[in-house]
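To find a chain, count down the sequence lines: A is the first, B the second, and so on, and within it residues start at 1. Not measured: the values here are computed from a predicted model.
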Protein chains: 2
Amino acid sequence: MNQEQVSEKSFPSAFESDPLIKKFGGFLTLTDDEIAYLNSLRKNQSSFEPNAEIQSEGESPQHIHILRHGWAVRYKLLSDGRRQILNFALPGDCIGITANLFQAADHSVAALTTVTSDNFPSKNLLSLCQAHPRVALAFNWATAREQTILAAHTVRLGRRSAAEAMGHLFLELLKRLQLVGLANKHSYELPITQEILADLLGLSIVHVNRTLRRLRQRGLIELDLKNRRLIIKDIHRLAKAVDFDPTYLGQERKPVKGKKQLLGES
Amino acid sequence: MNQEQVSEKSFPSAFESDPLIKKFGGFLTLTDDEIAYLNSLRKNQSSFEPNAEIQSEGESPQHIHILRHGWAVRYKLLSDGRRQILNFALPGDCIGITANLFQAADHSVAALTTVTSDNFPSKNLLSLCQAHPRVALAFNWATAREQTILAAHTVRLGRRSAAEAMGHLFLELLKRLQLVGLANKHSYELPITQEILADLLGLSIVHVNRTLRRLRQRGLIELDLKNRRLIIKDIHRLAKAVDFDPTYLGQERKPVKGKKQLLGES
DNA sequence: CGCTGACTTGAATCTCTTCAAGACGTGTGG
DNA sequence: CCACACGTCTTGAAGAGATTCAAGTCAGCG
């Protein structure tokens, strides 16, 4: 069990390895027809170097980018240079869907690693509504999911301590990455610096460093930012320590009234 | 210039006074056909007393509620009782749109004042996509706008001081309430307690109290929570003091590259 | 008239920030 | 190959901002 992510080539069909399709699979199963249509919309690909801007606040994007490889950050800047990262954009995530409904994007997106994306001309998404309503619904689901994640992040920033927020984030990332096949049971590649973590969690770099060390000392995680890898030592203990709801982002199952274990609790 | 909000009866048409239609008007102009269709979907109304739950986290809603009167809060609770308010729901805002795409709502909604709402059976919203795509688009716009507001709130919590966050919030509410005719040039009814403000801004009640006093002493606002009314003394000075982007939530105009004055700056 | 909920204020404490300095690894040009 | 620069991580010490605890005011209401 050493492989942690499914390489693209190990699948016979190019469709199955598509992170967008994997992700949509958490919501519904697309027909071959729908998959073909989705692929026909894909007019071109782009690639971004680390730190390149994929979308800029205030500008109106022409394309919707769907990430295939790499990590990006959505963020907003204050006029004095302070930065708040809103969320990561991971493979399978869409950039620019909501920005297309406005004259201007409300936030910027920058590549963290080398990023490749598929681009949809944004007007095509509107016609999609009538041509393939189930696909349109899946995009709406993805948007709603994005909003759920942002809401959880708001709670982290407003009402959790630094350690709680950080642990909660690590568990959220585990779930998100598992959905697109980029994490195994308890670890994943985490290609970020402490500065990124600071701007995400609304903390100073120094405090991120100390909080990280304490989480390590408590035996909850094992993190090597140099090797870009995070290992969660004991998922249940961490989830308990940071008040992580195991049903969070688990839309694929029937709701369990009273929200009980979904992580297992065995 | 003493009246601050348009009473429902002062309009000949019941349509024009509908906050949802006012709000959509910030995005597109609905045809009579579309308005009629919208009204046909409206199957019944409900009313909620202060503190009543309109939606509960973990449960799957049957209806989409569109607020007609009153204020509500979207919020999440931690297991130890801490509460983070995500956003206010104001007249014209929709409750339960995204929750309908999941098996379970990701947050709760509670009435702050007496609230009345129109209810759409949620399955109707799906057929809307094909029957009246422009209306469906308007709902998507409203959802995207909600997300923009949540993103701005995330920045407030993560990277702004208490005073900045609070002032920024007051300006945002001014814009939102103006859109539905519930605020005049520089003041509006604000039916909340300091505790609500604390849970929204991620602060303690005590600190909200002190921050509020300082804003008052600096002559930026005049607030009487007893009389439930906030007056912004000098919009431009406050906007400058809290780094409020005047183009924020101004989707109705063409984007101004480099985002300059929209509040006037005269 | 006394209860209740909301607002207010002081004092002690704690979390997190800021400033400062040093360690380590990696890539670059001499 | 070494020297140097740069980005990132790490740690200590001082200080600011926010919380907690505690007490007291005030208005509305039964």
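The listed nucleotides are D:dA18, D:dT10, D:dA22; the one nearest the side chain of B:Ser161 is D:dA18. Taking the side chain of B:Thr193 as heavy atoms from C-beta on, and the options D:dT11, C:dC7, C:dT9, the nearest nucleotide is C:dC7.
The shortest side-chain heavy-atom distance between A:Asp234 and A:Leu238 does not fall under the 4.5 Å cut-off. With contacts defined as side-chain heavy-atom distances shorter than 4.5 Å, the pair A:Tyr75/A:Leu200 does not qualify. Looking only at side-chain heavy atoms (C-beta outward), A:His107 and A:Gln55 come within less than 4.5 Å of each other. In this structure, B:Ile232 and B:Ser187 have side chains that are not in contact, with every pair of non-hydrogen atoms separated by 4.5 Å or more.
Atoms CZ (B:Arg228) and C1' (C:dC7) sit 15 Å apart, rounded to a whole Å. Atoms CG (B:Asp80) and P (D:dT20) sit 11 Å apart, rounded to a whole Å. Rounded to an integer number of Å, the gap from CG of B:Leu203 to C1' of C:dC16 is 14 Å. Atom CG in B:Leu157 sits roughly 20 Å away from atom P in C:dT15 (whole-Å rounding). Taking atom CG on B:Asp199 and atom C1' on D:dT19, their separation rounds to 14 Å, with Å as the unit. Here C:dC14 presents its P atom at 18 Å from NE2 of B:His207, a figure rounded to the nearest Å. Between A:Leu223 atom CG and D:dC9 atom P the separation is 9 Å, expressed in whole Å. Between the CE atom of B:Met166 and the P atom of D:dG17 there is a distance of 15 Å, rounded to whole Å.
When the side-chain nitrogen and oxygen atoms of A:Asn209 are compared with OP1 and OP2 of D:dT10, one or more of them lie within a distance under 4.0 Å. Side-chain N/O atoms of A:Gln194 include none lying less than 4.0 angstrom from OP1 or OP2 on D:dG7.
The residue B:Arg213 sits close only to the backbone: its heavy atoms come under 4.0 Å of sugar-phosphate atoms, none of a base.
Side-chain atoms of A:Arg210 and base atoms of D:dG12 include a donor and an acceptor less than 3.5 Å apart.
Annotation: B:His236 is not in aromatic contact with B:Phe244 [ring centroid separation under 6.0 Å not met].
Between B:Val208 and A:Ile205, it is A:Ile205 whose nearest contact on DNA chain D lies nearer the 5' terminus.
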